[in-house]
Q: 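Mind having a look at this structure? Questions to follow.
Below, chains carry the letters A, B, ... as their sequence lines are ordered, and counting in each starts from 1. Note that this is a predicted model, so its numbers are computed, not measured.
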2 protein chains.
Amino acid sequence: MLAAREEAIVQNVNRLLAEKGFEAMTVDEVAAAVGIAKASLYKHFTSKEDLAAAAMVRMLRRARQFLDAVDPALSPLDKLRAAVRWTLQVQLEGQMPALPSQNSSLRAALMANRDYLDTLMEISDELGGWIEAAQKEGSVNPKLPALAVLYTLYARGCDPVLGFLQSSGQHSDEEIVELVLSTCFDGLRNR
Amino acid sequence: MLAAREEAIVQNVNRLLAEKGFEAMTVDEVAAAVGIAKASLYKHFTSKEDLAAAAMVRMLRRARQFLDAVDPALSPLDKLRAAVRWTLQVQLEGQMPALPSQNSSLRAALMANRDYLDTLMEISDELGGWIEAAQKEGSVNPKLPALAVLYTLYARGCDPVLGFLQSSGQHSDEEIVELVLSTCFDGLRNR
DNA sequence: GTCTATACCTTGATAGAC
DNA sequence: GTCTATCAAGGTATAGAC
């Protein structure tokens, strides 16, 4: 079954991207992890960038699914909190693909990928609506530009603090999630 | 002059690390930027990792210098704010070397580099003292583990939000610094 | 569509003359 | 210590048989 094989490929790419990042991940590794020859990979995906883009699209779709399933009865602030919590948990599970934030061949490929851009836009719209509502009701600081809030939320998806705290060995995953949620929404200053 | 040449090398490495990261930076580029042959580089530094480590040590020393010069009359909270502000400014100037947070050959080299570890420890001690004082006086949330606060501060040095906001083109560098400082210390929630 | 084998290139690092 | 020239390894991608 073609779809099942491709899902297995993308799943492994996803994991490897989370583990080592785009540049350190090799196509040989992916092929070995899936258990097929490298040349077979290239029958499904035309390039390494294409592989990574597929993994990113898969993750974005999962994110969108989660957002769509968030309890509409929650306050806008709690919806945002739920979104960030989900992101942090995915990252702690080693399932959040890490891509270079700097310019690279991958960024060009992503910017040319309609699936990626569309899903990213949908997510941004949904989060943007929540942000606007939260600022209107005064639960999120209205002085912050909505775009800055959005970027700050996205950045939690690749926050190195999670890995640092995890390797310190002093906190459970649940504690780490709550700590980062707290610093994200409440800040370091005392309230 | 040997020292001057090595300073020129490390300066270029620093800039290239900030631009493209460790993996995307090539030794050929460094040699070209400095204006010497690649083989000559290897007379000064024994490996690419060694080059990057030297750049990191240089940046850590600059950070330590800055911390030592912070006005002792400031409150502990304002000292921490000054430290983060400095980090953000360096990053916006494209001078903050970006290293892979994931495991790699570079991490091993850094962990074997006494200069790096010593300076990092000194900085952490200085910041740690300020954090403790700030928590004691109640200006920083005392419920947060000091280590989590420290990591959160460090993480601002590679915060992708800066680059996102910069490329949005809607804010000056000064505004971006104040925005990120605000989200870091005050959080997204309204106060 | 899977495989083996390989082309082609880039990269980190070195040899050896000066 | 600088250069030119080169090596060895490992990477992406492809050819071509089945």
Q: B/F185: which residues meet the ring pair (Phe, Tyr, Trp, His ring centres under 6.0 Å) condition with it, sequence neighbours left out?
A: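 Scan of B/F185 (ring pair (Phe, Tyr, Trp, His ring centres under 6.0 Å), adjacent residues dropped) gives none.
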
Q: Measure the distance from CG on B/D50 to P on C/dT14 and round it to the nearest whole Å.
A: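 So the two atoms are 12 Å apart, to the nearest Å.
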
Q: If the plane angle is over 60° it's perpendicular, under 30° parallel, otherwise tilted; pick one for B/W86 and B/F66.
A: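 Judged by the thresholds at 30° and 60°, the geometry between B/W86 and B/F66 is parallel.
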
Q: Ignoring hydrogens and geometry beyond distance, is a side-chain donor-acceptor pair present between B/Y151 and A/S168 at under 3.5 Å?
A: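 The criterion, which ignores hydrogens and geometry beyond distance, is not satisfied for A/S168 and B/Y151.
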
Q: Just the rounded figure in Å: distance from C1' of C/dT14 to CG of B/L41.
A: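 Answer to the nearest Å: 14 Å.
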
Q: Would you say B/E137 and B/S139 are linked by a side-chain donor-acceptor pair, where the criterion is simply a distance under 3.5 Å?
A: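 Side-chain D/A pair, B/S139 to B/E137: present.
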
Q: Within this structure, what is the CG-CZ distance for the pair B/N14 and B/R62, rounded to the nearest 0.5 Å?
A: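 It is 7.0 Å, given to the nearest 0.5 Å.
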
Q: Summarise protein proximity over nucleotides 3-18 of chain D in one line of letters, 5' to 3': B for base, S for sugar-phosphate only, - for none, counting protein heavy atoms closer than 4.0 Å.
A: BB------SBBBB---

